[in-house]
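Heads up: the structure comes next, in structure tokens.
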Amino acid sequence: MKKIILFVILPLVVIITGGIIYLLSSAPGDMGNSDAPAFADSVTVELPKDAKAAKKALATARAALARLQQRKPYLVIDTHANKIFLRTEDSVLIEATCSTGSGGEYIDSTTGKKWIFDTPRGIFKISTKIPHPWWRKPDWAFLEEGETIPKNEGERLDPNMMGDYAMGFGDGYFVHGTIYERLLGINVTHGCVRVGSDDLEKIYNKTPIGTALYIF
Amino acid sequence: MSINLWKYRFPFLAVVLLAIVAGCRSKDSAAPATATASHKTPRPGQNDPAEEYCLLQTELKLAKEKKTYLVIDIPNREILLKLGGVVVWNDPIIIDSVGESDSLSKFADKFTDGNKVFIRPVIDKHLYAASDKSSDSVLKIVSEVVRAKIDLMQRVVPERFEILWGNDLLFDIRTEVPGKPRSKFKNTVVELQHALQRPFGEAHVVLRMNADQAITLYRVAERGLPTLIYPGP
């Protein structure tokens, strides 16, 4: 019987105990079990002890946060769900399906030049508004098709690809229309944001130059 | 020689209980406490100016980083994503019928640790079940046309997933979309972990969410995503 305790019951107790410890101490999620990243510079703040100074510090902090808020409607592009919104802090004015960057890449085998087809994330402003835009095909558009890059600038221009309207937000990126409306909702673009023609018209008409654009 | 096993029940139980307690302690001690108010901490809802100041400064710091951060707004029962201090996504907090009705206030108490901590990073997430947003056959055709990889274009629509913040804090989010389990074994292990941790104070909030909204939250909730809490009354 002692042998049974030594060789069967005791190992079982150890295994069960170990299993329980593992289950309790390991994070249950999908991202592995490494330590969570700590914020390098934690916010440790103290309100001034003097009542007047405390009131002023509080008012300054409130005002600083309030200044960040948008008074006018702003555009939001959700690259995860492929949605575009014209919204305020409290409500969504227009919601539409869009297509954003695929995240894919293309490397020119001759020159080694590399393009990554991602929609940039961050805070931008609508800097240009163009009705009936023509697309000036960049080099990758020819290389992807196995075509040579034309020397004649006119051969780069395509009057149909960008739909009826385009709104630029810097570095050659645009919110524009598309001839591939069936692909809306899928991450298929080279970085621009494609919107269906009806939704684009509504958004274009309600978005003056200078409108803030948030992409996440 | 015969031994009465019943005689050993207490040492056995003691070992198991010690293991459970040790496991819980090791996890608690690893919990990140980040933004802390260096003042005497009031209970939530007293609108202490020092507490508000700490919260404002923490959010200002996040806003200046110009990266997305999550906000759990307890008074307004809303989850928000903000970028540069501006709301870019929001969804109401709807407690699922399978969850405890007071689970949100328990969550807030545990998150803030008595109004000392207002920010914690996401440490993990687990996808129980999901369906694919687009069928692979459609994406195969699309990928040939646009020369993009299928896996970059595919989006999962979660049926159920959870977000973990450490310190036994988690949101268990469920949608109306039926999905396939990603790993039945992993799901069982995770559920077992929660069953073991719940008696030791795990703050488990079960939420109901629209599938479209859940796609965004699931994808944004990457490890390290700063999460701010507006504690409620």
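As the structure is a prediction and not an experimental result, all values here were calculated from the model. Letters A, B, ... mirror the listed sequences (proteins, then strands); counts begin at 1.
- Considering every non-hydrogen atom in both A/I123 and B/G84, the closest pair reads CD1-CA, 3.8 Å.
- If you tally non-hydrogen atom pairs under 4.5 Å between each of A/G103, A/A57, A/A54 and chain B, the highest count goes to A/A57.
- A pairwise comparison of heavy atoms in B/M153 and A/N187 identifies CG-O, 3.2 Å as the closest pair.
- B/L139 touches chain A through its side chain: at least one heavy atom from C-beta onward sits under 4.5 Å away, while N, CA, C and O do not.
- Between A/R121 and B/K67, the closest side-chain pair of non-hydrogen atoms is not below 4.5 Å.
- The candidate with the highest count of non-hydrogen atom pairs below 4.5 Å against chain A, out of B/Q213, B/Q154, B/K133, is B/K133.
- In this structure the side chain of B/N90 reaches within 4.5 angstrom of the side chain of A/R87, judged on heavy atoms.
- Exactly one residue among B/V86, B/V88, B/L81 makes a side chain to side chain contact (heavy atoms under 4.5 Å, CB included) with A/V76. That residue is B/V88.
- Only the side chain of B/S134 comes within contact range of chain A, judged by heavy atoms closer than 4.5 Å.
- Closest of all the heavy-atom pairs between A/G122 and B/L83 is O-CD2, 3.7 Å.
- Residue A/Y74 touches chain B through its side chain alone, counting heavy-atom pairs closer than 4.5 Å.
- A/R62 touches chain B through backbone and side chain together, each having a heavy atom under 4.5 Å away.
- Between B/P49 and A/L58, the shortest heavy-atom contact is O-CD1, 3.7 Å.
- Atom CG in A/D78 sits 3.5 Å away from atom OG1 in B/T216 (nearest 0.5 Å).
- Using a 4.5 Å cut-off between heavy atoms, B/A211 makes no contact with chain A at all.
- Taking each heavy atom of A/A61 and B/Q57 in turn, the nearest pair found is CB-NE2, 4.0 Å.
- A/R136 CZ: more than 12 foreign heavy atoms inside a 6.0 Å radius.
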>> With side-chain contact (heavy atoms from CB on, under 4.5 Å) as the criterion, how do A/F216 and B/W89 come out once you've worked through the C-alpha distance, each side chain's angles and the decisive distance to 0.1 Å?
In response: CA-CA 10 Å; A/F216 73 101; B/W89 177 96; 4.0 Å; yes
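- More than 12 heavy atoms of other residues, nucleotides or ligands shown are found within 6.0 angstrom of OH on A/Y106.
- In this structure, chain B has a heavy atom under 4.5 Å from the backbone of A/I215, while its side chain stays farther away.
- Heavy atoms from other residues, nucleotides or ligands lying under 6.0 Å from CG of A/D198 number 12 at most.
- For CG of A/D171, the number of neighbouring non-hydrogen atoms (other residues, nucleotides, ligands) closer than 6.0 Å is 12 at most.
- When heavy atoms are compared at a cutoff of 4.5 Å, A/T79 approaches chain B solely by way of its backbone atoms N, CA, C and O.
- A donor-acceptor contact shorter than 3.5 Å links the side chain of B/R155 to the backbone of A/H80.
- At a 4.5 Å heavy-atom cutoff, the contact between A/L183 and chain B is made by side-chain atoms alone.
- With a 4.5 Å cut-off on non-hydrogen atoms, A/K83 touches chain B through its side chain but not through its backbone.
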